Each structure stands twice: as structure tokens, then as C-alpha cells.
Amino acid sequence: MKILVINSGSSSIKYELFDAEDLEILASGLVEKIGEHGSALNHKTFTKLKETSQYSKQLPIPDHNIALKCILDILLHPEHGVIKDSSQIVAVGHRVVHGGELFHRTTIIDDKVIQAIRENIHLAPLHNPPNLKGIEVAREVFPGAVQVAVFDTAFHHTIPKKAFLYALPLELYEREKIRRYGFHGTSHSYVAEQASRFLDIPPGQLNLITIHLGNGASMAAIQGGKCIDTSMGMTPLEGLVMGTRSGDIDPALPFFLAEHLGMSYDDINELLNKESGLKGLCGTNDMREVIRMRDAGDERASLALEIYCYRIKKYIGAYFAALGRLDAIVFTAGIGENSPEVRERSCSGLGHLGIELDKQRNFSSSGIREINTDTSQVKVLVIPTNEELKIAMETLKALEHTRD
Ligand code: ADP
């Protein structure tokens with residue numbers, strides 16, 4: 001029995017295949033540039049977590065349906081495949097970005113669920129339509145498999161009203177559901193579970209600040225295993241400085257941009273989501289490049305790094321205050337896992353809060369690790385995230401419920 005995890009974007013589908021017995025990864029890949037010139041399939045297989053083969057091919061992939069059929073073909077391929085028959089795939093787990101207020105947990109997909117996700121499209125117009133497309137084609141290509149939706153927003157459903165409501169006329173929440181939802185929930189919940197295991201403290205007794213720093217970036221305050229606040233909002237634009245997103249700004253800025261610079265709604269949307277953040281400040285959204293540029297004496301890159309880490313530090317302070325007691329801070333995702341400098345700067349000067357990084361430990365690499373000093377009251381951990389594995393775990397749990 002196998003579980004296929006799918007992350008369907010507007011022009012790409014990422015996939016990973018897991019063995020349902022032990023959740024070991026068997027294959028992963030990406031179909032990119034769907035419907036565009038140069039579409040391609042990149043596929044890898046694994047045995048005992050070690051990569052065993054790689055396969056890349058450019059081929060015309062006009063739509064998501066063909067993309068998923070290509071994925072099935074390669075999974076069945078005599079040389080690069082890992083299954084003999086499509087019926088071995090018993091469940092497909094789908095990443096769905098926005099579950100709105102309707103979905104608090106992983107959900108088995110039926111027509112009603114599809115309709116409800118469709119009704120949430122206005123909340124995530126960029127993400128939910130391609131996620132839905134992935135669900136629809138997976139139902140066609142794998143008709144015998146249980147289809148499961150895992151929502152990025154679900155982990156944040158425990159956030160109380162005082163933290164999720166904006167100070168806007170309340171009818172905007174009641175009528176239009178305008179509120180903070182939060183994203184990256186799969187990652188925050190995965191690393192929180194890992195932290196609980198690593199520290200050997202039950203989730204119900206553990207207070208954490210989890211810091212996910214990928215291209216998108218967000219933080220969560222987790223009290224006794226439940227999320228009580230998070231930095232992304234109604235959309236993923238709010239909060240930390242990101243690769244290309246501004247994060248928090250004065251909400252009056254868009255009016256100023258429109259009035260004084262004549263920018264249109266679309267221009268402003270593009271500016272805040274695609275041209276801001278690290279890219280806006282120094283020209284690149286890639287943190288490795290920012291650090292390289294800074295090392296070569298680029299002042300803008302130096303400033304971008306400073307602003308990026310200062311924002312994280314401010315949120316650490318805010319979430320520490322919200323939590324009251326803090327057991328550990330967890331860094332994760334591309335930058336969180338790989339940049340000792342970002343971790344050091346984000347935690348620097350927080351000794352009075354009991355947060356002390358150990359310089360040497362901070363430079364150790366790979367796996368789950370503790371990077372605080374022995375005297376630090378708060379643990380600081382680096383925990384590699386694995387959103388696909390978490391989706392597979394959730395999918396397996398949902399599948400087991402259907403068999404109870
Ligand atoms: P995504 O949100 O696309 O999944 P990732 O979690 O892969 O993103 O994170 C991408 C970010 O991680 C990029 O900014 C990249 O520069 C950064 N990154 C990866 N490796 C390193 C490293 N060794 N040092 C600093 N940043 C890194």
C-alpha cells in the first residue's frame with residue numbers, strides 16, 4: 001500500500017510517494033511549466049532514504065490531467081518506477097492552502113468538500129484553484145484511491161479571537177470572514193511534534209515559538225501543543241520579511257502608492273507580494289545570495305539581512321509575552337535550517353529573556369539539533385521540516401479512520 005502526496009500549483013505539481021507501512025519515501029518529483037513551453041518531468045527514487053535513481057525529461061504537458069498521468073506513468077516505469085499497478089496507491093494526500101473557517105482538520109474529500117474548498121477560493125485566489133485542479137484530476141487518474149485534503153490553515157484554528165480578529169468593523173468578520181488565518185500550519189505542527197519528541201516533553205506541556213523561514217516565512221506561538229498566534233494573516237503577506245513579500249507594513253501605504261505614484265491595484269499587489277522583501281531591499285530573494293553579496297561589501301544586502309532578522313526578533317519578543325513561559329524556539333525551512341547567521345542575529349541580545357545561543361553548536365549541521373548554551377533557560381532547536389511527510393502521516397490517519 002502506498003500513499004501519494006501532491007502539491008498542485010498553477011504551473012507545477014510536486015509529488016512524493018510513501019510506503020503506507022512505515023512512511024518511508026519511495027519516490028519524489030516535480031512536473032514543471034505545465035501548459036508552457038519547456039514543460040518537464042523530474043523524478044527521483046529512494047531506497048532506505050537514499051537516492052537510487054534520477055530521471056529528467058522535457059515533454060509536452062499541456063494540462064494538470066496529463067501532468068498527473070505522466071507522474072503515474074513514471075511511477076509505473078519498468079526502470080524508474082516503484083509500483084507495479086496504480087491500485088497500489090490507496091490514498092492521495094493533497095496540500096490545500098486555505099481551509100477558511102470550515103476545515104479544522106484533515107478531511108476526506110467528497111463532492112461536498114470540493115464545493116466548500118471552491119467557496120473558499122476568494123480567500124486564496126492564487127492557491128486554492130490549482131489545489132482544486134490537483135484534486136479533480138487525481139480523482140480521475142486514481143479513482144480507487146481515498147482522496148484526502150490537508151490544509152495549511154488547519155493547525156491555526158485554535159488561535160483565539162483576540163489574536164485572529166483585526167480591529168475592523170466586526171461585520172467584516174461576521175459577513176465576509178475577514179480575519180487572520182495563518183499558513184504553513186503543516187510545517188509548524190510537524191516541527192512542534194518533533195520538538196516534543198526530541199525534548200521528551202508531552203505536547204500538552206510544551207510552549208514553543210516555531211519559526212519557518214523558507215521563501216515564505218512565518219512564526220507561530222504554540223501553548224501546550226495548540227497554536228495561539230501566528231504571523232501570517234488573512235493572506236500570506238502579513239508578518240515577517242520574506243523572499244519577495246514585504247510582511248507587515250503600514251496599512252495606509254497602498255493608498256499612498258495609489259494616490260502619489262498612480263499605482264493600480266494590480267501594481268500594488270505585485271509590488272507587495274513579488275517585488276518586496278529581500279528582493280525589494282537588495283535585489284535578490286535568495287538568502288544565500290544576500291549573504292554572499294553582504295560578504296562582498298554590498299550595503300543593501302547588509303541592511304536587508306538586518307531588517308529580516310530584526311523583524312524575527314520583534315516577533316520572538318511578542319510571542320514570548322503572549323505565551324508567558326517559553327520552553328523552546330524552533331528554527332526550520334531553508335533559511336531556518338541552513339543559516340547560522342540568521343539564527344544568531346534573530347536571537348542576539350535576548351540573554352535577558354533566557355535565550356542564549358552557543359556559537360559552536362549553532363554552526364553544527366544536519367538533523368535535529370540543540371544550539372543553545374548549557375545555561376540558556378530556553379532551548380533553541382533546529383528541526384528540518386518535512387511537509388510532505390506530515391501530509392502523508394495525516395493522510396494515513398484519515399485512511400485508518402475510514403477503516404475503523
Ligand atoms: P520554499 O518556501 O520554496 O520551500 P525553502 O524552504 O527551500 O523555500 O527555502 C528557500 C530559502 O532557503 C532561500 O532563500 C535559500 O537561499 C535559503 N537557503 C537554502 N540554503 C541556505 C544556506 N545554506 N544558507 C542560507 N540560506 C539558505
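Predicted model, so just to flag it, every value in this text is computed and none were measured. We count ligands from 1, going down the list as the structure has it; atoms in each ligand are counted the same way. In this chain, residues are counted from 1 in sequence order.
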> What residue among I222, L326, D327 forms side chain to side chain contact (heavy atoms under 4.5 Å, CB included) with L206?
Replying inline: D327
> Is the distance between the ring centroids of F151 and H98 under 6.0 Å?
Replying inline: no
>> Could you work out, with side-chain contact (heavy atoms from CB on, under 4.5 Å) as the rule, every residue matching A167, not counting sequence neighbours?
In response: none
> Of all residues at least two apart in sequence or in a different chain, which pass the salt bridge (Lys or Arg N to Asp or Glu O under 4.0 Å) check with E101?
Replying inline: K177, R179
> Are side-chain heavy atoms of I3 and V148 found at a separation under 4.5 Å?
Replying inline: no
>> Could you work out, with ring pair (Phe, Tyr, Trp, His ring centres under 6.0 Å) as the rule, every residue matching F331, not counting sequence neighbours?
In response: none
Need the list: ligand 1 N/O atoms against protein N/O atoms, distance under 3.5 Å, rounded to one decimal.
residue	atom	partner	partner atom	Å
ligand 1	2 (O)	N215	N	3.0
ligand 1	3 (O)	N215	ND2	3.3
ligand 1	6 (O)	G334	N	2.9
ligand 1	8 (O)	N215	N	3.2
ligand 1	12 (O)	I335	N	3.4
ligand 1	14 (O)	M287	N	3.1
ligand 1	16 (O)	D286	OD1	2.4
ligand 1	16 (O)	M287	N	3.0
ligand 1	16 (O)	R288	N	3.2
ligand 1	16 (O)	R288	NE	3.4

